[in-house]
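One structure is given below, encoded as structure tokens.
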Amino acid sequence: MDDRRRGYERGAAPLPFFVYGTLRPGGHNHAAYLHGRTAAEEPAALPGAVLYDGPGYPYAVDAPGAGPVRGELVTALPAAYDRLLIALDLLEEYVPGDPRSLYERIERDVVRPDGTAVRAWVYLAAPRLAAGLRSSGTVIGGGDWASHRLGR
């Protein structure tokens, strides 16, 4: 497998993941994909993005100056990182360079509650999907999928 597919440069430290939907603690994909594979999970926010409602899961879309989207910063156990990256790419229907991808995995700065910025992988809606959401999607006010699902 080449390093572009693995998602990081040879010798570089793996990035944590920023999760904002079904991968958050309590979400149905958290237990299936993250349980037992993480070293740390902590609250974080993604500035410069808006959250849209989807068919049972949300989409984050770039929106400079907007946001933040609320979620968790998840650090994988080193031994689980490669397999987790592949599993999350499959879950998010992300294939590097494929215009049919549902999401794109990109590096973004996310912010911890103390204001510390951390570089992380974030799955954002792919360009074609993002354009449709911007024109006719339903924005999730407050950028918090968990609160939205609970009707808060």
Side-chain angles (χ1 to χ4, degrees), residues 1-8 12-63 66-96 98 100-126 128-130 132-133 137-152:
M1 168 179 5
D2 73 20
D3 286 336
R4 287 173 293 143
R5 178 70 175 127
R6 287 176 46 187
Y8 58 98
L15 295 175
F17 299 90
F18 175 74
V19 298
Y20 54 86
T22 64
L23 287 163
R24 289 177 75 177
H28 64 274
N29 282 324
H30 183 274
Y33 289 86
L34 298 176
H35 182 74
R37 294 180 172 174
T38 65
E41 298 177 17
E42 59 186 303
L46 173 65
V50 173
L51 202 59
Y52 287 89
D53 203 3
Y57 48 87
Y59 299 103
V61 175
D62 268 329
V69 169
R70 307 232 176 256
E72 270 70 39
L73 183 64
V74 175
T75 302
L77 290 168
Y81 186 83
D82 285 345
R83 285 180 304 203
L84 182 58
L85 183 67
I86 292 166
L88 294 180
D89 281 355
L90 290 170
L91 172 67
E92 305 295 6
E93 298 182 36
Y94 167 67
V95 177
D98 188 339
R100 297 170 297 176
S101 290
L102 189 59
Y103 290 90
E104 287 188 314
R105 178 174 36 86
I106 64 167
E107 291 184 36
R108 289 283 299 269
D109 284 336
V110 299
V111 182
R112 291 181 168 127
D114 69 1
T116 305
V118 178
R119 199 73 170 165
W121 289 125
V122 179
Y123 290 91
L124 295 176
R128 185 174 44 91
L129 177 59
L133 290 166
T138 302
V139 172
I140 295 174
D144 190 332
W145 172 251
S147 293
H148 172 73
R149 290 196 58 217
L150 295 173
R152 292 189 225 160

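Since the structure is predicted, the reported quantities are computational estimates derived from the model, not experimental observations.
Environment of CZ in Arg119: crowded, with over 12 heavy atoms of neighbouring residues, nucleotides or ligands closer than 6.0 Å.
In this structure a side-chain-to-backbone donor-acceptor pair under 3.5 Å is missing from Arg105 to Pro96.
For the residue pair Asp89 and Tyr123, a side-chain donor N or O sits within less than 3.5 Å of a side-chain acceptor on the partner.
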For side chain to side chain contact (heavy atoms under 4.5 Å, CB included), just list the numbers for Ile106 and Trp121, CA-CA rounded to whole Å, side-chain angles, deciding distance to a tenth of an Å, and then say yes or no. CA-CA 6 Å; Ile106 64 167; Trp121 289 125; 5.7 Å; no
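In this structure, the separation between OH on Tyr103 and CG on Leu91 is 8.5 Å, given to the nearest 0.5 Å. Here His148 contributes atom NE2 and Arg70 contributes atom CZ; the two are 16.0 Å apart, rounded to the nearest 0.5 Å. Taking OH from Tyr81 and OG1 from Thr75, the interatomic distance works out to 10.0 Å, rounded to the nearest 0.5 Å. Leu73 contributes atom CG, which lies 14.5 Å from atom OH of Tyr20 (distance to the nearest 0.5 angstrom). Here OH of Tyr94 is found 14.0 Å from CZ of Arg100. Values are rounded to the nearest 0.5 Å. Separation of atoms CG (Leu124) and CG (Leu46) is listed at 6.5 Å; rounding is to 0.5 Å.
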N/O donor to acceptor pairs below 3.5 angstrom from side-chain atoms of residues 26-34, sequence neighbours left out:
unit_1, atom_1, unit_2, atom_2, d
Asn29, ND2, Thr22, OG1, 2.8
His30, NE2, Glu41, OE1, 2.9
His30, NE2, Glu41, OE2, 3.1

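Every residue two or more places apart in sequence or in another chain that forms a side chain to side chain donor-acceptor pair (under 3.5 Å) with Arg112 is listed here: Glu42.
Closest approach of Leu51 to Asp144, counting heavy atoms only: CD2-N, 4.0 Å. Smallest separation of non-hydrogen atoms from Ala63 and Val50: CB-CG2, 3.5 Å.
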